[in-house]
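Heads up, the thing below is written out as structure tokens.
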Amino acid sequence: MSDIMVNLKSFQSEHAVEESEQPLLCLRSRCKGLMVNACAHAVFFCKLLHALRQKASGKVSLISSKESMGSEGPKVGIIGGGHIGKQLARALLELSGISAQNIHISTRRPETLSEFQQLGVECFYDNGQLVAWADIVFLCCLPSHLQHICSGIRAALREPCIVYSLVTAVPLPRLKQLLSYSAILRPQYHCTSRNLENMWGTNGTIIAALQDPIVIQATCPCSPKERIAVTGKWLEAVFYAALNSCMWRHLPHQHALKLLNDVCFPEHCPICAEQKTSCPRFVCGNFVNQTFVSSLTQEDTFPWFDLTTVQMKESPFSQLLARSVLLQNHLTLLYCTSFGVLLAKSGGMASSGLWQQNVFSFCRSRSKYGAGS
């Protein structure tokens, strides 16, 4: 439903806010922007994993928002039925193509989630049962509840389940310690501007924001112009998680690379057509060190990568992303088209320097990353 007061400024709450209270509006917009980014990135992650798991005989591609993955889609569990969990569930239902039957929510008050139960989402209170069932588990609880939740699900966690934490107040090393588990993704965001009031559609819904091409481009992890940015380490972890998914299905490393290339680099690429060049292609050395590459046979899979290590240290893929603007532009195209956004020529593409700063600013170590640990 559209906002009937969008052009009636005197009827909006912002009109009555005094100058001394303006920072509160910025804080509200920042909270909205963080939620929009978190939901957009979660949707993209689920789509990418599903695309790589397809066993289609034709070309592999990211599914559009309007298509349904059906029962073949990833099984997604959400722990927490509060504001964050509800917003995430709505985004996944509306934009990811994941069917309601493939989404379960565990919360202490499942009776408050009738909106989702009516759509076919199973809601209950058993975190261990949810984790044992799911391929991806989103943690959407309060930081004060996290230790209790982790102690309750630790025994049920098993590879290849991926834990995706939206509890940003708890650092990644602490999460790894609480869960005794390494397949964890934790996006980390930082604000690059205080002027956020009109960026995220403060008065609209998360779904409405994620249907706006300008907002989608602003949430792109490769965009140099975002006002709320996710660190480059998140995107690296997404791709290593994708390789873990291939490894778990015992796909030889060359097959895994072919799937990844087919998804990321379309046959008719507008970027390469404009620049009259060829699409980049992933090779084994983009993800593991050369010593490990030389030891691989044709039938060998990639190793199982420790995703927590990927997010805290430099890796071969982080080096590739930092130096290749062409790859950044292709990943921008991949991200935006997964939401149905068609970029104009050179629109929203990356420029040199800014991505490198984003990739390395949150690294805790410059150690070379080799095989999975």
Side-chain angles (χ1 to χ4, degrees), residues 29-49 62 84 87-88 91-92 95-96 136 138-140 162-172 175 184-194 196 199-200 206 209-210 212-242 264 307-315 317-318 320-322 324-325 327-339 341 348-351 353-364:
S29 183
R30 178 176 177 176
C31 291
K32 175 71 175 292
L34 286 169
M35 181 62 66
V36 169
N37 275 267
C39 289
H41 298 151
V43 167
F44 174 76
F45 175 64
C46 290
K47 286 187 175 187
L48 180 64
L49 281 194
L62 283 187
I84 296 176
Q87 296 287 4
L88 176 62
L92 292 173
L95 302 172
S96 73
I136 307 168
F138 288 96
L139 297 178
C140 302
I162 297 170
V163 177
Y164 193 117
S165 177
L166 295 179
V167 189
T168 55
V170 180
L172 189 58
L175 270 175
I184 305 171
L185 265 74
R186 178 186 175 272
Q188 191 166 352
Y189 298 97
H190 60 92
C191 288
T192 60
S193 171
R194 294 191 65 182
L196 302 173
M199 184 67 208
W200 309 107
I206 299 295
L210 292 178
D212 184 339
I214 295 176
V215 171
I216 291 300
Q217 290 186 55
T219 65
C220 180
C222 299
S223 172
K225 301 177 182 179
E226 63 274 272
R227 299 179 186 180
I228 293 178
V230 65
T231 65
K233 303 305 293 180
W234 172 82
L235 188 60
E236 294 171 44
V238 165
F239 276 85
Y240 279 105
C264 295
L307 300 184
T308 59
T309 300
V310 168
Q311 292 166 88
M312 292 188 289
K313 294 185 179 181
E314 183 180 340
S315 68
F317 192 54
S318 66
L320 174 66
L321 280 171
S324 177
V325 175
L327 176 59
Q328 296 166 30
N329 288 339
H330 277 81
L331 296 184
T332 296
L333 179 67
L334 174 73
Y335 179 86
C336 291
T337 53
S338 75
F339 288 93
V341 175
M349 295 302 179
S351 58
L354 291 171
W355 172 264
Q356 186 170 5
Q357 180 180 358
N358 190 24
V359 167
F360 291 112
S361 61
F362 283 82
C363 289
R364 300 186 181 183

Would Gln188 and Thr168 satisfy side chain to side chain donor-acceptor pair (under 3.5 Å), going step by step from the backbone distance to the final call?
-> CA-CA 7 Å; Gln188 191 166 352; Thr168 55; over 6 Å; no
Taking every non-hydrogen atom, the tightest pair across [X] and [Y]:
X      : Y      : result
Val341 : Gln217 : CG1-NE2, 4.3 Å
Ile162 : Ala241 : CD1-CB, 4.0 Å
Met35  : Ile84  : CE-CG1, 3.5 Å
Ala91  : Val43  : O-CG2, 3.9 Å
Ala218 : Asn37  : O-OD1, 4.4 Å
Cys140 : Leu88  : SG-CD2, 3.8 Å

Once you round to the nearest 0.5 Å, how far does [atom1] of [X] lie from [atom2] of [Y]?
X      : Y      : atom1 : atom2 : value
Cys191 : Ile228 : SG    : CD1   : 4.0 Å
Leu320 : Gln328 : CG    : CD    : 9.0 Å
Gln87  : Lys32  : CD    : NZ    : 8.5 Å
Leu185 : Gln311 : CG    : CD    : 5.0 Å
Glu314 : Glu236 : CD    : CD    : 9.0 Å
Lys233 : Leu321 : NZ    : CG    : 9.0 Å

Quick one: does Arg186's side chain have a donor or acceptor within less than 3.5 Å of a partner on Trp234's backbone?
->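 No: the side chain of Arg186 does not pair with the backbone of Trp234.
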List for me each residue that meets side chain to side chain donor-acceptor pair (under 3.5 Å) alongside Thr308, sequence neighbours excluded, and say none if there are none.
->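 Applying side chain to side chain donor-acceptor pair (under 3.5 Å) to Thr308 gives Lys176, Asp306.
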Partners passing side chain to side chain contact (heavy atoms under 4.5 Å, CB included) against Ala40 (at least two apart in sequence or in another chain) =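 Ala40: side chain to side chain contact (heavy atoms under 4.5 Å, CB included) contacts with Leu210, Thr219, Tyr335, Phe339.
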With heavy-atom distances below 4.5 Å as the criterion, would you say the side chains of [X] and [Y] are in contact?
X      : Y      : value
Cys46  : Ile136 : yes
Cys222 : Leu327 : no
Ser96  : Phe44  : no
Val167 : Leu139 : yes
Leu235 : Phe45  : no

Applying ring-ring contact (aromatic ring centres under 6.0 Å, His included), run through Tyr164 and His41 and close with a yes or a no.
-> CA-CA 11 Å; Tyr164 193 117; His41 298 151; 8.9 Å; no
Should Phe239 and Leu331 be marked as a side chain to side chain contact (heavy atoms under 4.5 Å, CB included) after you check the CA-CA gap, both sets of side-chain angles, and the distance that decides it?
-> CA-CA 11 Å; Phe239 276 85; Leu331 296 184; 3.7 Å; yes
